[in-house]
Amino acid sequence: QVQLVESGGGLVQAGGSLRLSCAASGRTFSTLAMGWFRQAPGNEREFVASIRYSGSSTYYADSVKGRFTISRDNAKNTVYLQMNSLKPEDTAVYYCAASLSYYSGSYEEQYEYDYWGQGTQVTVSS
């Protein structure tokens, strides 16, 4: 069992920045691939970014590429999502997810993840 707790969400003006954190417990963190997803009202949950076990490979949705950065600190059992140049369309609940399995792809699919956090709200005002 893996427990994930997100933090760092809030209200920010367009063009601003936020850093989300996701603290994991219950399993050796360095064995988990991690991802961030988001869900805006009325929309389906969508992939944002992912990072492999060692942090050597990262993947991003086209909508956030160049603005968001995913990283991990295996010593702190934490994954981060640095969000810069935020836009109103980034407003959503952001979810952290953990995968126990190895996949050769970019971990963009929700079925590739075994555990989910409760989510943290990010609101970007125009």
Side-chain angles (χ1 to χ4, degrees):
Q1 193 77 0
V2 175
Q3 293 78 43
L4 303 172
V5 179
E6 301 102 332
S7 61
L11 173 64
V12 64
Q13 288 188 330
S17 299
L18 281 175
R19 188 176 81 155
L20 304 183
S21 300
C22 173
S25 61
R27 189 177 177 97
T28 304
F29 182 69
S30 61
T31 67
L32 304 171
M34 301 297 295
W36 287 97
F37 289 75
R38 66 187 181 186
Q39 186 169 21
N43 291 355
E44 295 185 352
R45 190 158 54 183
E46 64 177 7
F47 169 76
V48 175
S50 60
I51 186 166
R52 287 192 172 272
Y53 313 92
S54 64
S56 58
S57 297
T58 58
Y59 308 92
Y60 298 93
D62 288 342
S63 58
V64 307
K65 204 169 292 183
R67 300 187 297 122
F68 290 12
T69 302
I70 188 171
S71 62
R72 65 190 297 159
D73 186 336
N74 286 347
K76 295 183 177 180
N77 292 350
T78 302
V79 63
Y80 304 97
L81 185 68
Q82 178 66 44
M83 305 185 294
N84 298 330
S85 301
L86 282 161
K87 305 175 181 179
E89 51 264 43
D90 294 318
T91 295
V93 177
Y94 283 71
Y95 297 92
C96 171
S99 175
L100 302 174
S101 303
Y102 173 82
Y103 294 98
S104 60
S106 56
Y107 286 91
E108 294 184 15
E109 303 297 335
Q110 295 182 53
Y111 72 80
E112 294 174 320
Y113 294 88
D114 303 285
Y115 299 98
W116 294 82
Q118 82 289 350
T120 186
Q121 177 71 46
V122 171
T123 302
V124 184
S125 62
S126 57

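In this text the structure is predicted, and so the values were computed from the model without any measurement. Starting from 1, each residue takes its place in the sequence as its number.
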- Message: Using the side-chain contact (heavy atoms from CB on, under 4.5 Å) definition, which of the options Ser106, Ser99, Ser57 pairs with Arg52?
- Response: Ser57
- Atom of Thr78, atom of Ser21 and distance for their closest heavy-atom approach: CG2-CB, 4.2 Å
- Query: Looking only at heavy atoms, what is the nearest atom pair of Glu6 and Gln118, with distance?
  - Reply: OE1-OE1, 2.8 Å
- Message: Less than 3.5 Å apart, any donor N or O on the side chain of Ser17 or Asn84 sitting next to an acceptor on the other?
- Response: yes
- Item | Verdict with reasoning, Glu46 to Arg38, per side-chain contact (heavy atoms from CB on, under 4.5 Å) | CA-CA 5 Å; Glu46 64 177 7; Arg38 66 187 181 186; 2.7 Å; yes
- Please answer: with hydrophobic residues joined when any side-chain heavy atoms are less than 4.5 Å apart, are Phe37 and Met34 in the same cluster? no
- When rounded to the nearest 0.5 Å, the distance separating OG1 of Thr69 from CZ of Arg19 is 11.5 Å
- Item | From Gln82 atom CD to Arg67 atom CZ, the distance as rounded to the nearest 0.5 Å | 12.0 Å
- Query: So, does Thr91 use its side chain to make a donor-acceptor pair with the main chain of Thr123 at under 3.5 Å?
  - Reply: no
- Query: Do any N or O atoms from the side chain of Gln39 and from the backbone of Ala92 form a donor-acceptor pair under 3.5 angstrom?
  - Reply: no
- Task: Examine Trp116 and Tyr107 and state if one hydrophobic cluster contains both, with Ile, Leu, Val, Met, Phe, Trp and Tyr joined whenever side-chain heavy atoms are less than 4.5 Å apart.
- Result: yes
- Item | From CD1 (Ile51) to CG (Leu32), nearest 0.5 Å | 12.0 Å
- Task: Evaluate side-chain contact (heavy atoms from CB on, under 4.5 Å) for Tyr115 paired with Gln1, printing each intermediate quantity in order.
- Result: CA-CA 8 Å; Tyr115 299 98; Gln1 193 77 0; 3.8 Å; yes
- Item | Reported OH-to-CG distance for the pair Tyr113 and Leu4, which is rounded to 0.5 angstrom | 11.5 Å
- Item | Between NZ on residue Lys65 and OH on residue Tyr60, distance to nearest 0.5 Å | 10.0 Å
- Side chains of Ser30 and Thr28, donor plus acceptor under 3.5 Å: no
- Message: Listing request: all ring-ring contact (aromatic ring centres under 6.0 Å, His included) pairs with a residue in residues 80-99, at least two apart in sequence or in separate chains.
- Response: none
- Query: CD1 of Ile70 to OH of Tyr59: how many Å apart, nearest 0.5 Å?
  - Reply: 11.0 Å
- Query: What about Val48 and Val12, same hydrophobic cluster or not, with Ile/Leu/Val/Met/Phe/Trp/Tyr joined at side-chain heavy-atom distances under 4.5 Å?
  - Reply: yes
- Start with the C-alpha distance between Leu20 and Met83, add both sets of side-chain angles, then the distance that settles side-chain contact (heavy atoms from CB on, under 4.5 Å), and finish with yes or no. CA-CA 8 Å; Leu20 304 183; Met83 305 185 294; 3.7 Å; yes
- Message: I need the minimum non-hydrogen distance between Val79 and Cys96, along with the two atoms involved.
- Response: CG1-SG, 3.9 Å
- Are Leu100 and Trp36 connected, step by step, through hydrophobic side chains (Ile, Leu, Val, Met, Phe, Trp, Tyr) whose heavy atoms are closer than 4.5 Å? yes
- Looking only at heavy atoms, what is the nearest atom pair of Leu86 and Leu18, with distance? CD1-N, 3.9 Å
- Expected output: side-chain Asn43 to main-chain Ala40 donor-acceptor under 3.5 Å: no
- In terms of hydrophobic clusters joined by side-chain contacts under 4.5 Å, are Phe29 and Leu81 together? yes
- Return the set of residues passing side-chain hydrogen bond (donor to acceptor under 3.5 Å, both in side chains) with Glu89 (not counting sequence neighbours), or none when no residue passes. none
- Note on the structure: On a heavy-atom basis, the closest approach of Gly119 and Val93 is CA-CG1, 3.8 Å
- Message: Run Leu11 and Gln121 through side-chain contact (heavy atoms from CB on, under 4.5 Å) and show every step you take.
- Response: CA-CA 8 Å; Leu11 173 64; Gln121 177 71 46; over 6 Å; no
